[in-house]
J.: 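Here it is: the structure, laid out below.
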Number of protein chains: 2
Amino acid sequence: MELPEAKEKFIEAWGKLGSEWGINRTMAQVHALLLISPEALTTEEIMITLSISRGNANMTLRELIGWGLVQKQHKAGERKEYFFADKDTWNIARQVAKERRKRELDPVIKILDELSKVEGDTTDPEFMTFTKSVKDINKLAKNVDKTLDTMLKAEENWFWGSIFKIFK
Amino acid sequence: MELPEAKEKFIEAWGKLGSEWGINRTMAQVHALLLISPEALTTEEIMITLSISRGNANMTLRELIGWGLVQKQHKAGERKEYFFADKDTWNIARQVAKERRKRELDPVIKILDELSKVEGDTTDPEFMTFTKSVKDINKLAKNVDKTLDTMLKAEENWFWGSIFKIFK
DNA sequence: TTTAACTTTCAAATATTACTGAAAGTTTAT
DNA sequence: ATAAACTTTCAGTAATATTTGAAAGTTAAA
């Protein structure tokens, strides 16, 4: 397999993986493209390479910046904005975990906390099954939350720090 | 908040979380409904409670069974099939991790392995950035894969076993 | 073997999500 | 102040994913 074909496959695979995990395909593809680019790219270059519109490229790049996965770069004497991706896989994983925790896990925990408070007839199986499940899931969610929090600060923690060195 | 309202909210929240993570909303909702049901339910009951069609209910239930999250139950002297969900959160998490690894992580690792083999000019920054990124991601993916594998067998392993007791 | 209860299938309809592109907005150089 | 270079917005369009429902298929009792 030659490099150009390999690049395409990589972008495609990353896009597919993203879409299976609730990240919009194009966003994942732009990210993939930047991951394998030695130089920062312009909106123009991204548009052309991926055959996407200006609007799409722009929105996607802004979102990637919002996720902390991509940064702008300004070249001296140029008006154009250049974009590049952090290439440290560990940082990428951390960023994604951080954002998704904030956007999705935290709101669910808030609801589960509410639902844990519901009171009812403790002899009613309907009620008992409900509270049991809600409380169990709440507990799991909170443990995941706490663990993520620790992981995200792993560098400061001897225990997780040493576990996650394995991943790097 | 009263129980019926709480149930609705739970089903809604679970459905939303599912869809944010690439699991079809209805599937997550049916799962939620079964999670909070003390008794196994029929297709009919599920259809009515969630206002979904027979076809949808049937497909969704089969998929949930495929994920190992739901099981059929046959009641003596009845033709109807009843469905119930495993309510152990740890099992649920394990099943989901297991399925997604098989369906999504494994195929990506296969592609990354292919792409790691691509050869090229080691003085070409395009090539070098490509292989570096692919190899880094491949390494991370494989570590995640290995860790999941170990986790899924956690019960047999003193180290992870003791870590994951915390989650229960 | 017939029938009725029940389950499964799948083409078409609907709903959801993503994308386009032209126009409006912004910034910087002259 | 003007113009050129560039970025952002968003209404309309397109693509994708999900759902419906009626027909076909299956099973078990009589």
Side-chain angles (χ1 to χ4, degrees), chain A residues 11-34 40-67 70-84 100 103-104, chain B residues 11-34 40-67 70-84 100 103-104:
Chain A
I11 291 168
E12 202 187 313
W14 206 237
K16 189 165 173 242
L17 188 65
S19 68
E20 285 166 341
W21 285 86
I23 285 156
N24 148 337
R25 211 186 81 246
T26 303
M27 186 169 151
Q29 288 185 335
V30 171
H31 185 226
L33 174 62
L34 291 175
L41 303 177
T42 62
T43 304
E44 207 73 19
E45 291 170 307
I46 293 167
M47 282 168 58
I48 292 168
T49 313
L50 300 178
S51 310
I52 62 175
S53 71
R54 186 173 299 285
N56 195 7
N58 182 264
M59 287 207 339
T60 298
L61 283 166
R62 275 187 303 126
E63 250 200 290
L64 282 168
I65 291 170
W67 279 68
V70 164
Q71 282 177 261
K72 285 188 188 180
Q73 189 173 72
H74 287 284
K75 293 201 181 177
E78 293 216 42
R79 285 286 302 279
K80 272 198 285 274
E81 288 177 336
Y82 287 78
F83 301 91
F84 70 99
R100 300 204 78 158
R103 294 172 192 217
E104 293 142 21
Chain B
I11 291 168
E12 201 187 314
W14 206 237
K16 188 166 173 239
L17 188 65
S19 68
E20 285 165 341
W21 286 87
I23 286 156
N24 149 338
R25 213 185 81 247
T26 303
M27 185 170 149
Q29 288 185 337
V30 171
H31 185 226
L33 174 61
L34 291 175
L41 302 178
T42 61
T43 305
E44 207 72 18
E45 291 169 309
I46 293 167
M47 283 169 57
I48 292 167
T49 312
L50 300 178
S51 311
I52 61 175
S53 72
R54 184 172 301 284
N56 195 5
N58 182 264
M59 288 206 341
T60 298
L61 283 166
R62 273 187 305 125
E63 251 199 289
L64 282 167
I65 291 169
W67 278 68
V70 163
Q71 283 176 260
K72 283 188 188 180
Q73 189 172 74
H74 287 282
K75 294 201 179 175
E78 294 216 39
R79 287 285 301 277
K80 273 198 285 271
E81 289 177 335
Y82 287 76
F83 300 91
F84 69 100
R100 301 205 76 157
R103 294 171 193 218
E104 293 143 20

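Residue numbering restarts at 1 for every chain, and letters A, B, ... go by the order of the sequence lines.
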J.: Go through the side-chain N and O atoms of B/Thr42 and B/Glu45 and say whether any donor and acceptor fall under 3.5 Å apart.
T.: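 The answer is yes; a qualifying pair exists.
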J.: Show, in sequence, the C-alpha distance, side-chain angles and deciding distance for A/Arg54 and A/Glu44, and conclude whether the side chain to side chain contact (heavy atoms under 4.5 Å, CB included) test is met.
T.: CA-CA 8 Å; A/Arg54 186 173 299 285; A/Glu44 207 73 19; 3.1 Å; yes
J.: Have a look at the helix from C/dT1-D/dA30 to C/dT30-D/dA1 and give the angle its two end axes make, five pairs each, rounded to 10 degrees.
T.: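 Its terminal axes enclose an angle near 10°.
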J.: When the distance from CD1 of B/Ile46 to P of D/dT20 is rounded to whole Å, what number comes out?
T.: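 Rounded to the whole Å, the gap is 14 Å.
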J.: Between B/Trp14 and B/His31, what is the ring plane arrangement, given parallel below 30°, perpendicular above 60°, and tilted in between?
T.: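 The arrangement is tilted - the two ring planes meet at 30° to 60°.
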J.: Less than 6.0 angstrom from the centroid, inside 45 degrees of the normal: does A/Arg100 satisfy that with respect to the ring of B/Trp21?
T.: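 Judged by the rule, A/Arg100 and B/Trp21 form a cation-pi pair.
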J.: Quick one, A/Ile46 and A/Leu34 - any side-chain contact, counting heavy atoms below 4.5 Å?
T.: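 Sidechains of A/Leu34 and A/Ile46: in contact.
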J.: My understanding is that only one of A/Gln73, A/Lys72, A/Lys75 makes a side-chain hydrogen bond (donor to acceptor under 3.5 Å, both in side chains) with A/Glu81; could you say which?
T.: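 Filter result, single survivor: A/Lys72.
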J.: Under 4.5 Å between any side-chain heavy atoms of A/Gln29 and A/Leu33, yes or no?
T.: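 They are not in side-chain contact.
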J.: What string of B, S and - do you get for nucleotides 5-23 of chain C, 5' to 3', if B is base contact, S is sugar-phosphate-only contact and - is no contact with any protein heavy atom under 4.0 Å?
T.: BSSBB--------SSBB--
J.: Less than 4.0 Å between a side-chain N and a carboxylate O, is that true for B/Glu20 and B/Lys16?
T.: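 Yes, charged N to carboxylate O under 4.0 Å.
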